[in-house]
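Beneath this line is the structure, given in structure tokens, with notes to follow.
Note that ligands are numbered from 1 as they come in the structure, with each ligand's atoms numbered from 1 the same way. Values below: every heavy atom of this structure, side chains too, minus hydrogens, waters and symmetry copies. Numbering of residues begins at 1 and proceeds along the displayed sequence.
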Amino acid sequence: MSADITPLIARGLVAPERAAELRRVAERFAVAVTDEMAALIDPADPADPIAAQFVPSEAELHAASDDRADPIGDARFSPLPGIVQRYPDRVLLKPILVCPVYCRFCFRREQVGPGRGLLPPAALERAFAYIEQHAETWEVIVTGGDPFLLSPRRLKALVRRLDAIAHVQVIRFHTRVPVAAPRRVTAALMDALTAEKALYVVVHANHPRELTPAMREAVGRLTRAGIPVLAQSVLLRGVNDDPAVLEALLRGLVAMRVKPYYLHHPDLAPGTAHFRLDIAAGQRLVAGLRGHISGLCQPTYVLDIPGGFGKVPLTPSAARRDDAGRCWLVSDPAGRQHAYPPSDPDAG
Ligand code: SF4
């Protein structure tokens, strides 16, 4: 991991007296803040929602009993490096484990980092072969890390390879680049995304301040090229757990032709308990949006069930407290009921 937080001190984002403690954080979890995101931070505001997402905090050193090293069970559903398969018709392909920024709440924070790099060519080849051999694979979700950090040459080769697999109908990219490093959405990257198959891009944005003019321009390049763009957001305590903030985020996305897709309940990633809010609080926030803002702006509020049992909507009918009020009960897509947080330490 990059334990060098000197650039954050130099930018005034971290007070020098916090350096020793935060180096301990950075030794465990990767740290990076792009110039674009750093420019949005008000260093005088101790509750700045952009800083909360990217600047490390002493709170990350606190282990909570609910924490899970692999909160959504990637390892359990990974038949070979670079591939995760939870559902018969969808495959996750992870060609890179590097990101432009390292989100402090990241669900893959134990996997990503600047030293993790690319999936080696032979492993990538085996991942493609897996997709080719599994004819039921309708959609490939390219994630990471951030796949838009691949060079345009590598990205183009990856898109071409997936485009050529007859049974793959949809190629979906998950990326933070248009938000965190919008200058990387270049003509060469756009050219790399040219495909015969349906190609979707899902951007990750959590706060309306992330919707900068540069981000709008980057997203505009995608939408003008005919690429459908969706958004996913994480509901985070101290960042966007506020009706006005959520409304501004969702309206802003739709106004730039980006459809809010998922609003994720935060995962049980290590050292992220300070971001987690109660499901009931999330349900109240989402209920407050209904009837108040356009249906186009409504994402689905979801929980990735710890252990890799899939995503479920957190509607009041789908998530309820157990009779003693000790935990939540949710049903996975196979109809199995799970306690949340799980009581079984092996569940995630
Ligand atoms: S960009 Fe995505 S994968 Fe990377 S740190 Fe943020 S949430 Fe994690």
Side-chain angles (χ1 to χ4, degrees), residues 1-3 5 8 25-26 28-38 40-41 49-57 60 67-75 78 82 84 92-119 141-150 155 172-185 189 201-207 210 215 218-219 229-240 249 261-272 274-276 299 302-304 311:
M1 292 303 143
S2 167
I5 60 159
L8 301 186
V25 176
R28 171 117 196 250
F29 305 115
V31 174
V33 187
T34 56
D35 291 342
E36 289 89 344
M37 293 297 98
L40 297 179
I41 295 172
I50 309 299
Q53 292 185 68
F54 304 119
V55 176
S57 149
E60 295 173 55
D67 288 354
R68 297 283 186 278
D70 181 13
I72 66 168
D74 275 359
S78 180
V84 176
L92 292 190
L93 173 63
K94 299 193 288 184
I96 182 169
L97 291 173
V98 180
C99 302
V101 282
Y102 291 100
C103 310
R104 308 322 303 162
F105 50 86
C106 176
F107 66 118
R108 294 205 177 108
R109 60 190 334 216
E110 298 277 22
Q111 301 173 37
V112 297
R116 308 297 174 116
L118 298 171
L119 192 64
I141 300 160
V142 190
T143 179
D146 195 316
F148 277 14
L149 286 194
L150 291 169
L155 194 60
R172 188 199 323 170
F173 283 92
H174 283 193
T175 177
R176 196 74 148 128
V177 160
V179 171
R183 283 175 295 175
R184 296 189 70 104
V185 184
L189 184 136
V201 171
V202 181
V203 298
H204 171 180
N206 300 323
H207 192 278
E210 293 167 49
M215 181 266 191
V219 167
V229 183
L230 309 173
Q232 57 179 343
S233 307
V234 187
L235 187 56
L236 298 163
R237 183 197 292 270
V239 174
N240 56 15
L249 171 69
Y261 177 37
Y262 281 142
L263 178 64
H264 295 270
H265 190 73
D267 293 309
L268 300 174
T272 66
H274 53 296
F275 285 114
R276 301 205 275 270
V302 291
L303 172 74
D304 243 309
K311 277 187 197 64

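Near-neighbour remark for atom 8 (Fe) of ligand 1: protein N, O or S atoms under 2.8 Å are Cys106 SG; waters not counted.
When every heavy atom of Val55 is checked against every heavy atom of Ile41, the shortest pair comes out as CG2-CD1, 3.9 Å. When all heavy atoms are compared, the tightest approach of Val177 to Pro100 is CG2-CG, 4.0 Å.
Checked against the 6.0 Å centroid threshold, Phe29 and Tyr102 do not count as a close aromatic pair.
Given atom 2 (Fe) of ligand 1, the protein heavy atom at minimum distance is His204 ND1, 4.3 Å.
His174 and Gln232 share a side-chain donor-acceptor pair at under 3.5 Å.
Residues Glu36 and Arg184 are not paired through a salt bridge, judged by the lack of any N-O separation under 4.0 Å between the basic side chain and the carboxylate. A salt bridge links Glu60 with Arg109; the closest basic N to acidic carboxylate O contact falls under 4.0 Å.
At least one side-chain heavy atom of Cys103 sits less than 4.5 Å from a side-chain heavy atom of Phe54.
At a 4.0 Å heavy-atom cut-off, ligand 1 touches Val101 through the backbone alone.
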